[in-house]
Every structure is written in structure tokens, then in C-alpha cells.
**Student:** 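There's a structure below that I have some questions on.
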Amino acid sequence: MVRQAAADEELRLRRAGTTTEEYWNHNVHYHPVVLDAVPDGCRAALDVGCGDGLLAARLATRAESVTGVDRSAEMIRLARKREAGNVTFLEGDYLDAAALDAESYDFVSAVAVIHHAPFDDAIERLVGLLAPGGRLVVVGLAHDHTLLDRVVSGCGLPASLLTARRHGGNRVPADMPVEDPIMTWREARRATAHLLPGRRFRRRLLWRYTLVWDKPDTTSEGGP
């Protein structure tokens, strides 16, 4: 049953038409979810906490231009080794208002990033970076608190082992910053519902949640 659940989830994720041939881990596993959410005609995309640039390079096939930003100098050094003419990598903190222009991106992704900062501040900044009508996609982490949380997480273990075996192991780039989440699944669900009305939230099998939120386009509203 668990084996079938893992296979079904992998099949759903492959609908985005991408693979994880370079390496695989629990974050990379959900890159297809991010790619599948990029709107048609996307001009400018931003990958926050881009790490070694794997997702940003993949976004380059879906958007006219892509910016990857990360505060780790080592991650940016690795990212700049990737060849993609429409991708720019910046060393900096996305929370710094001087680092990135507000309302400049049609699409913003944040994979395993927002738990590294105060949650409300992170969400507020990501929303501020989106152009009106833009789309935000988050792959986030939370921790178990209830018995049900632990049961669901336990179901992910054999699925993770099976999927990792198919992809040659679970690998995280050296020097990738790692931090444990402080919010529970329930807290993450409630906080995102409050801060991002209308967001689509889903807890995933491999200890991640995904959310997709479209920023209202107030510029298209007619006046009196």
C-alpha cells in the first residue's frame, strides 16, 4: 500500500515534465509541483533561497527571465556554474528590502526557506515581491505535534526509502544551510490561511507541505 502511494505520488509529480537526474532529496522531489504552477507567459520568476541553483535552472525553461537569490556565498558560487542564459544569481537576503525590487516578479518560489525566518515576516516579504496577479509557491516544513501527525509522518518513511533507492540515494549539497522548523503542521495550515486567503494548501507524503497562492490584481479593477 505504501509502495503504491509512493509510486502514485511520483507519477503525479512527473506531470510537470521534468526529472531529478542531477540528484534527489525531499526538496527536489517537489520541484515538479513548483514548475507545474508557473503560469503561462511568465516573464520574471524569482527563486528565493535558491541554493545551488537547480530549481532556478529548471524555471528558466518556464519563464523569460529567472533570478535566484541566496544569502550563502558558497551556494551562489555553485549556482553560477550552471549554464542558463536567462538566469541571474544574486548573493543576498530576500528579506532585505534593498536586495530585490518590490512587486517585480510574476512568479515567486520558496522551497524549504520560510522556516529560516520569522514566519509572518517571510510571508509578508514574499507577497511584497510579487507583482499584482503574480503567483507564490511554497514548499515548506513543519514538525509533528499530535499522534495523527506522527502516523502520517511514519507513512512517509518507507515511501522515502523506496523513492531514494530509485533515484540513487538522498543527497543534499555540501554546505547547504539546514534548520529545523518550529511550527507544527496545524500552525502552518492556520497561519497560511490567515496570511494568504484563498491559498491551496496540501500536506505531502515526504514531510513537506505545498501551498499555491495568487496575488489579487488590483490594477485591473475599474474605477467608479
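A quick note: this is a predicted structure, and the numbers were derived from the prediction, not measured.
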**Student:** For Ala188 versus Ala142, what's the shortest heavy-atom pair and its separation?
**Tutor:**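 In this case the closest contact between Ala188 and Ala142 is CB-CB, 4.5 Å.
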**Student:** Should Val108 and Val111 be counted in the same cluster of Ile, Leu, Val, Met, Phe, Trp and Tyr side chains packed under 4.5 Å apart?
**Tutor:**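 Different clusters: Val108 never reaches Val111 through Ile, Leu, Val, Met, Phe, Trp or Tyr contacts under 4.5 Å.
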**Student:** Could you check whether Lys215 pairs with Glu103 (Lys NZ or Arg NE/NH1/NH2 to Asp/Glu carboxylate O, under 4.0 Å)?
**Tutor:**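 Salt bridge present between Lys215 and Glu103.
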**Student:** Are Leu59 and Val33 connected in a single hydrophobic cluster, I mean Ile/Leu/Val/Met/Phe/Trp/Tyr linked by side-chain heavy atoms less than 4.5 Å apart?
**Tutor:**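 Yes; Leu59 is reachable from Val33 via cluster members.
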**Student:** Hey, what do you get for CZ (Arg171) to CE (Met176), rounding to the nearest 0.5 Å?
**Tutor:**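 Reported value, rounded in 0.5 Å steps: 9.5 Å.
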**Student:** Linking I/L/V/M/F/W/Y whenever any side-chain heavy atoms sit under 4.5 Å apart, do Tyr209 and Val28 land together?
**Tutor:**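 Different clusters.
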**Student:** Transitively linked via ILVMFWY side-chain contacts under 4.5 Å: Val66 with Ile76?
**Tutor:**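 Yes; tracing contacts between hydrophobic side chains, which count when under 4.5 Å, links both residues.
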**Student:** List the steps, then state whether side chain to side chain contact (heavy atoms under 4.5 Å, CB included) holds for Asp70 with Tyr94.
**Tutor:** CA-CA 7 Å; Asp70 202 293; Tyr94 75 99; over 6 Å; no
**Student:** Going through the checks in order, is the side chain to side chain contact (heavy atoms under 4.5 Å, CB included) test met by Asp144 and Thr184?
**Tutor:** CA-CA 6 Å; Asp144 295 338; Thr184 66; over 6 Å; no
**Student:** Check this for me, if you would: do Asp96 and Arg125 make a salt bridge, where the nitrogen-to-carboxylate-oxygen distance has to be below 4.0 angstrom?
**Tutor:**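 Judged by the 4.0 Å cut-off on N to carboxylate O distance, Asp96 and Arg125 do not form a salt bridge.
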**Student:** If the threshold is 4.0 Å, N to carboxylate O, is there a salt bridge linking Glu74 and Arg77?
**Tutor:**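 Salt bridge flag = yes for Arg77 with Glu74.
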**Student:** I need the Leu157 CG to Leu162 CG distance, nearest 0.5 Å.
**Tutor:**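 The CG atom of Leu162 is 9.5 Å from CG of Leu157, to the nearest 0.5 Å.
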**Student:** For Asp52 and Tyr23, which I'm curious about, is there any donor-acceptor pair between the side chains at under 3.5 Å?
**Tutor:**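 Yes, because at least one side-chain N or O of Asp52 sits under 3.5 Å from a partner of the opposite role on Tyr23.
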**Student:** Does the structure place the NZ or CZ of Arg135 under 6.0 Å from the centre of the six-membered ring of Trp213, at an angle of no more than 45° from the ring's axis?
**Tutor:**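 No, Arg135 does not sit over the ring of Trp213.
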**Student:** Counting C-beta onward and ignoring hydrogens, is there a side-chain heavy-atom pair between Leu161 and Arg165 closer than 4.5 Å?
**Tutor:**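 A side-chain contact under 4.5 Å is absent here.
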**Student:** With a 4.5 Å cut-off on side-chain heavy atoms, are Val137 and Phe107 touching?
**Tutor:**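 The answer is yes, as the side chains (C-beta and beyond) meet within the 4.5 Å cut-off.
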**Student:** Can you measure from CG (Asn27) to CG (Leu141) and round to the nearest 0.5 angstrom?
**Tutor:**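 Between atom CG of Asn27 and atom CG of Leu141 there are 6.5 Å.
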**Student:** Could you measure the distance from the OG1 atom of Thr61 to the CG atom of Leu35? Nearest 0.5 Å is fine.
**Tutor:**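 Taking OG1 in Thr61 and CG in Leu35, the distance rounds to 6.5 Å.
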**Student:** Is there side-chain contact between Ile182 and His115, with at least one heavy-atom pair below 4.5 Å?
**Tutor:**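 No, their side chains stay 4.5 Å or more apart.
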**Student:** Among side-chain atoms of Thr210 and Arg202, is any donor-acceptor pair under 3.5 angstrom?
**Tutor:**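 Their side chains do not contain a donor-acceptor pair, so the 3.5 Å distance test is not met.
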**Student:** Can you check whether Arg203 reaches Ser153 side chain to side chain, under 4.5 Å on heavy atoms?
**Tutor:**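 Sidechains of Ser153 and Arg203: in contact.
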**Student:** Given Glu22, which partner from the list Arg82, Lys81, Arg58 fulfils the salt bridge (charged side-chain N to carboxylate O under 4.0 Å, His left out) test?
**Tutor:**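 Answer after filtering Arg82, Lys81, Arg58: Arg82.
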**Student:** State the OG-CG distance between Ser104 and Leu129, to the nearest 0.5 angstrom.
**Tutor:**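 CG of Leu129 is found 7.5 Å from OG of Ser104.
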**Student:** Is it the case that the side chain of Glu124 and the backbone of Asp121 share a donor-acceptor pair, with hydrogens and angles ignored and the cut-off at 3.5 Å?
**Tutor:**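 Answer holds: no.
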**Student:** Ignoring hydrogens, what is the shortest heavy-atom contact between Ala191 and Met183? Give both atom names and the distance.
**Tutor:**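 Taking Ala191 first and Met183 second, the nearest heavy atoms are CB-CE, 3.7 Å.
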**Student:** When you compare the side chain of Arg71 with that of His116, does any pair of heavy atoms fall below 4.5 Å?
**Tutor:**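 Heavy-atom side-chain distance check passes, below 4.5 Å.
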**Student:** With no hydrogens and no angle check, do the side chains of Ser65 and Asn86 hold a donor and an acceptor under 3.5 Å apart?
**Tutor:**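 No donor-acceptor contact under 3.5 Å links the two side chains.
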**Student:** Locate the shortest heavy-atom distance separating Cys50 from Gly68; write the atom from each residue and the value.
**Tutor:**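 For Cys50 versus Gly68, the nearest heavy atoms are SG-C, 3.5 Å.
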**Student:** In terms of ring plane angle, is the pair Trp24 and His29 parallel, tilted or perpendicular, where the classes change at 30° and 60°?
**Tutor:**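 Plane angle over 60°, so perpendicular.
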**Student:** If we ignore angles and hydrogens, is there a donor and acceptor under 3.5 Å between the side chains of Ser160 and His26?
**Tutor:**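 Yes, His26 and Ser160 have a side-chain donor paired with an acceptor closer than 3.5 Å.
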**Student:** Starting at CZ of Phe119, measure out to OG1 of Thr192 and round the result to the nearest 0.5 Å.
**Tutor:**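 The CZ atom of Phe119 sits 5.5 Å away from the OG1 atom of Thr192.
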**Student:** Heavy atoms only: give me the nearest Ala56-Val87 pair and the separation to one decimal.
**Tutor:**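 Closest approach of Ala56 to Val87: O-CG2, 3.9 Å.
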**Student:** Are Met75 and Leu90 connected in a single hydrophobic cluster, I mean Ile/Leu/Val/Met/Phe/Trp/Tyr linked by side-chain heavy atoms less than 4.5 Å apart?
**Tutor:**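 Different hydrophobic clusters.
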**Student:** Please report the shortest heavy-atom distance between Glu91 and Ala73, naming the atom on each side.
**Tutor:**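 Shortest heavy-atom separation between Glu91 and Ala73 comes out as OE2-CB, 3.5 Å.
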**Student:** Of all heavy-atom pairs between Gly49 and Val113, which one has the smallest distance, and what is that distance?
**Tutor:**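 Taking Gly49 first and Val113 second, the nearest heavy atoms are CA-CG2, 3.8 Å.
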**Student:** With a 4.5 Å cut-off on side-chain heavy atoms, are His145 and Trp185 touching?
**Tutor:**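 No, their side chains stay 4.5 Å or more apart.
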**Student:** Does any non-hydrogen side-chain atom of Arg200 lie less than 4.5 Å from one of Leu211?
**Tutor:**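 SC-SC contact between Leu211 and Arg200 ruled out.
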**Student:** For residues 37-47, which side-chain donor-acceptor pairs fall under 3.5 Å, sequence neighbours excluded?
**Tutor:**
from  : atom 1 : to     : atom 2 : distance (Å)
Arg43 : NE     : Asp106 : OD2    : 3.4
Arg43 : NH2    : Asp106 : OD1    : 3.3
Asp47 : OD1    : Ser109 : OG     : 2.8

**Student:** Decide yes or no for Ile114 and Val138: does some side-chain heavy atom of the first lie under 4.5 Å from some side-chain heavy atom of the second?
**Tutor:**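 In contact.
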